[in-house]
Amino acid sequence: MRTEILIALIKIRHYMGEELFQNRRLAGTLEEALGEILGNRYVGEVGLMLRLYVEGYPQKMYVSGATAAYWIDQEARTFANRYYLQEAAVKRALASWYFLSQMTEREVNDVCADETGAALAVHLTRFCKKQPSSLQKSLLAILGHSAAEDFDHLQTTYGGQQSPQLDACDELDIEDCYQEALRLEKDACNEIDMQEAARYFLRAAEAGHAGAQLSLGDLYYHGRGVPRNLADCVHWMRLSAEQGISQAQARLGWNYQQGEGVERDDNKAAYWYRKAAEQWDCDALYNLALFYTEGRGVAKDAAQAAFYCRKAAESGLAEAQDLLGLMYYNGSGLPKDNEQACAWFQAAATRGYAEAEQHLGVMYYNGHGVQADTHEAARWFALAAEQGNLQAQLNLGTLYLEGDGIPKDEVKAAFWCARAAEQGNVEAQYLFGKLLLEGIGVMANAEQAVQFFHKAAEAGYAPAQYALGDLYSKGYGCPQSRSQAISWFHKAAAQGDIQARKRLDEMRARSDMLNRFRDW
């Protein structure tokens, strides 16, 4: 297809703009005009391209370079039959459409401003070199020659214009490469497509594009399109962070905090979090608030923690809103204020943050900052429990067990206590053990009860230690063992359990009495 046709179509796109998409009669007139200029030799191909634009195919069938060649081959016969064209002509038209649909406004303006066609030679060459080899031949068929002949023809005709290389480090090339990588990543359907996106990110990143460096670091972190490599992730994140990209600074802080790809270093983590926080990155603000709360990498400072937490909360980060609520509730770095605490818990809870839903439930149950309402408390506990919050599951189970604010339901009580117990909540393990022991809401099973008591007792929960000592002393659900009973009573008594101390005294008195009888 002659170069002049492609230039003419680009100019039509430039000057007519969206009107071409909206006016079929205009497209038909342009087709006839081009037919007259070109002696009707290529009018079928030109007409097909115009129809594709009018019917919105650049929007309907926008595909990535990795699949464009396959799509062109698949659609060629269909369009050939529909428009009575030769299949080869349809392929040239589809390749032309693909090229036109991919051109940026800057490239369109360059071509339209250059009457000689040299700009087209530059952009067509650059564009084809970006594509997979399977697509290059189809795209270069636009001019009706082999690749080498096309480039020779353009260079000869337009003053020896040299074909630019993709890795040229001028700013426009880098940005185009980055935008193509973003598009490929968005449209990726499989790992091969992601590898193609990673290749473009790498080219732009090596040329110094900060956004590409951030994206490439993220790919290395998740192992998408490239092998997972935390050291490479840190390398690219650092380069992006040093150019002032706040997301990269926050991610680099996280790497140092967790020791991922680098040696763990709270001081460096705090340094990068602060850099990102200066640009009001909400994740960095929140993490820096945690650092000041815990005294990690910085001196412990409740007021500074509250300052950064408020900034993150005001940006809408649910975790920060919940933490700010806790700060108001506990009077940490801020004046104690239950109403403010409740307001921030509410803000985070309405975003579906489970911790805040649990905290809001506690506020309603106790009447802190709001009017006491056990029914409303149960509603928030249920929302948090469904998301797996352990304390909310235990609280909901307790309300069902007692019929407090909601109808009493021992089966549901046992269900929620079991959910929390299985996830390691020691209070729930103890309570569910009692339910199993007494057969409340579940079938009685003393052996299973002992297992749950053991889990809570080994975690240091005094009531479970006492219960376990009692069962060992009786041999109920476990072999009777005086030594095991004394051992668990001792552990509970050491934590101030009065019943355990009393049982130890009773066992000691009984032992003394038996010894006197033996002496007698």
Relative to the ring of Phe345, is the ring of Tyr329 parallel (under 30°), tilted (30 to 60°) or perpendicular (over 60°)? tilted

To the nearest 0.5 Å, how far apart are CG in Leu202 and CD in Gln213? 10.5 Å

Under the side chain to side chain donor-acceptor pair (under 3.5 Å) test against Ser473, which residue among Arg503, Gln480, Arg482 passes? Arg503

What one should report as the nearest heavy-atom pair of Phe432 and Val442 is CE1-CG1, 4.2 Å

Does one side chain, of Glu175 or Gln179, offer a donor that lies under 3.5 Å from an acceptor on the other? yes

Is the Tyr430-Phe452 ring centre distance short of 6.0 angstrom? no

Hey, are Asp283 and Arg251 close enough for a salt bridge, meaning a charged N less than 4.0 Å from a carboxylate O? no

Any salt bridge linking Asp497 with Arg501? Criterion: basic side-chain nitrogen under 4.0 Å from a carboxylate oxygen. no

N-O pairing of Arg224 and Glu185 below 4.0 Å: yes

I'd like to know whether the aromatic ring centres of His359 and Trp344 sit less than 6.0 Å apart in this structure. no

Might you confirm whether atom NZ of Lys336 has over 12 heavy atoms from other residues, nucleotides or ligands at distances under 6.0 Å? yes

Heavy atoms from other residues, nucleotides or ligands near OH of Tyr365 exceed 12 (cutoff 6.0 Å): no

Inter-residue atom distance Gln391.CD - Thr398.OG1, 0.5 Å rounding: 8.5 Å

Considering all heavy atoms, the nearest Ser240-Ala248 contact: OG-CB, 3.4 Å

More than 12 non-hydrogen atoms from neighbouring residues, nucleotides or ligands closer than 6.0 Å to CD on Glu339, yes or no? no

Answer with yes or no after comparing the ring centroid distance for Tyr273 and Phe291 against a 6.0 Å cut-off, counting only values under it. yes

CD of Glu263: more than 12 outside heavy atoms within 6.0 angstrom? no

Quick one: CG on Leu396 to CD on Glu386, what's the gap to the nearest 0.5 Å? 8.5 Å

Give a yes or no answer on whether the side chain of Gln279 reaches the backbone of Gly244 with a donor-acceptor pair at less than 3.5 Å. yes

Measuring only between side-chain heavy atoms, which start at C-beta, is Asn389 closer than 4.5 Å to Leu383? no

Relative to Tyr221, does Arg228 satisfy both conditions: NZ or CZ under 6.0 angstrom from the six-membered ring centre, and within 45 degrees of the ring's axis? yes

CG on Leu390 to CD on Gln358, rounded to 0.5 Å: 10.0 Å

Give, for atom CG of Asp281 and atom CG of Asn287, the distance between the pair rounded to the nearest 0.5 Å. 9.0 Å

Within 45° of the axis and under 6.0 Å from the centre of the six-membered ring of Trp272, does NZ or CZ of Lys275 qualify? no

Counting only heavy atoms not in His222, do more than 12 fall under 6.0 Å of its NE2? yes

Rounded to the nearest 0.5 Å, how far does CG of Asn425 lie from CD of Gln423? 9.0 Å

